[in-house]
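Please read the structure below before turning to the comments.
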Amino acid sequence: MVLPRSFYSRKAETVAKELLGCFLVTNLPEGITVGKIVETEAYLSAGDLSSHSYKGRTPRNAVMFDSPGRAYVYFTYGMYYCFNTVTGPKGKGEGVLIRSLEPLEGIELMKKRRGVEDIENLCSGPAKLTQAMGIDIKLNGAELTRGPIIIQESDQKVEIITSTRIGITKSIDLPLRFFIKDNPFVSR
DNA sequence: GACCAGATTGTCT
DNA sequence: GACAATCTGGTCA
């Protein structure tokens with residue numbers, strides 16, 4: 001079952017935790033790839049100084065203020081994309097960054113896109129997984145309730161560990177990173 | 001293993 | 001003009 005919009009309409013921390021174990025699917029002309037979400041981070045709005053949305057709406061972050069359940073894809077470091085889901089009440093500016101996946105289907109395509117052979121190196125980081133899944137800026141604003149990117153629910157129970165977020169320089173003390181315990185595909 | 005430099009460009013000040 | 005929700009490949013141990 002594809003996760004409905006109501007799933008995303010809750011606060012980012014809740015969505016971030018519940019996305020763990022779910023399946024991210026891209027269906028692009030090159031083929032289908034599927035990965036299990038094993039690591040996420042919540043980004044809030046006002047008060048979260050590392051969130052793109054904390055200073056208000058700009059052309060870049062506009063999608064974060066749009067409807068929950070959309071994809072917020074941004075370009076960073078001159079060469080990488082990161083993938084988020086928009087969450088929370090519409091207009092608030094919250095989102096969840098997908099940080100790593102466990103590759104499940106389309107692994108040969110992932111290897112080709114990434115240029116690496118090691119399975120544990122295919123999707124174990126936010127910029128790695130966008131490359132492996134074929135996600136780029138053209139998919140910014142896409143609806144996750146219908147293709148070409150969707151997220152499917154999972155009935156698996158997972159054990160969740162909480163920690164501080166990675167790769168940021170502001171609001172570094174907030175416990176908004178979540179990952180599946182003992183999963184080898186988590187980044188770092 | 002740990003640590004460091006370099007890549008490369010959109011975005012905001 | 002500074003910096004970025006990163007990754008890779010190098011050095012040194």
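All heavy atoms count here, side chains included; hydrogens, waters and symmetry mates do not. In what follows, chains are A, B, ... by sequence order, proteins preceding strands, each numbered from 1.
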Query raised in the report: Touch check for Tyr77(A), heavy atoms < 4.0 angstrom, all strands: base, sugar-phosphate only, or nothing?
Result: base
Query raised in the report: For Ile168(A), which contact category applies under a 4.0 Å heavy-atom criterion: base, sugar-phosphate, or nothing?
Result: sugar-phosphate
Query raised in the report: Do we see a donor-acceptor contact under 3.5 Å between the side chains of Arg113(A) and Gln131(A)?
Result: no
Requested in this report: Would you classify Arg99(A) as touching base, sugar-phosphate or nothing, given that sugar-phosphate means primed atoms plus P, OP1 and OP2, and contacts are heavy atoms under 4.0 Å?
Outcome: sugar-phosphate
Query raised in the report: Near Ile137(A) CD1, under 6.0 Å, is it more than 12 heavy atoms from other residues, nucleotides or ligands?
Result: yes
**Report entry** Arg165(A), Lys170(A), Lys55(A) screened by salt bridge (Lys or Arg N to Asp or Glu O under 4.0 Å) with Asp48(A), the one that passes
**Finding:** Arg165(A)
**Report entry** For dT8(B), the Watson-Crick or wobble counterpart (both distances under 3.5 Å)
**Finding:** none
Query raised in the report: Taking the six-membered ring for Trp, are His52(A) and Tyr74(A) ring centroids under 6.0 Å apart?
Result: yes
Requested in this report: Figure out the NZ/P separation between Lys128(A) and dG9(C), and round it to whole Å.
Outcome: 11 Å
Report task. Examine the side chains of Thr26(A) and Thr33(A) and answer whether a donor and an acceptor come within less than 3.5 Å of each other. Result -> yes
Query raised in the report: Rounded to whole angstrom units, what separation is found between the NZ atom of Lys55(A) and the P atom of dA5(C)?
Result: 11 Å
Query raised in the report: Out of dT6(C), dA5(C), dA4(C), which has the shortest distance to the side chain of Tyr80(A)?
Result: dT6(C)
**Report entry** Whole-Å distance separating the CG atom of Leu122(A) from the C1' atom of dT8(C)
**Finding:** 15 Å
**Report entry** Rounded interatomic separation in angstrom, taking CZ from Arg188(A) and C1' from dA5(C)
**Finding:** 11 Å
Query raised in the report: Hey, is Tyr74(A) stacking on dA5(C)? Ring centres under 5.5 Å, planes under 30°.
Result: no
**Report entry** Carboxylate-amine/guanidinium contact Glu39(A) Arg177(A), below 4.0 Å
**Finding:** yes
**Report entry** Nearest-Å distance for atom pair OH/C1', residues Tyr54(A) and dA4(C)
**Finding:** 13 Å
Query raised in the report: Roughly how far apart, to the nearest Å, are dA5(B) and dC3(C) at atom P?
Result: 16 Å
Query raised in the report: Going 5' to 3' on DNA chain B, which nucleotide is the first and which the last to come under 4.0 Å of a heavy atom in chain A?
Result: dA7(B) to dT13(B)
Requested in this report: Calculate the interatomic distance between Phe75(A) atom CZ and dA5(C) atom C1'; express it in whole Å.
Outcome: 14 Å
Query - Atom-pair distance (CG on Asn121(A); P on dT6(C)), nearest Å - result: 15 Å
Query raised in the report: Between dA5(C) atom P and Gln131(A) atom CD, what is the distance in whole Å?
Result: 19 Å
Query - Residue whose closest nucleotide on DNA chain C lies nearer the 5' end, Arg114(A) versus Ser51(A) - result: Ser51(A)
Query raised in the report: Can you tell me how far CD1 of Ile149(A) sits from OG1 of Thr85(A), rounded to the nearest 0.5 angstrom?
Result: 11.0 Å
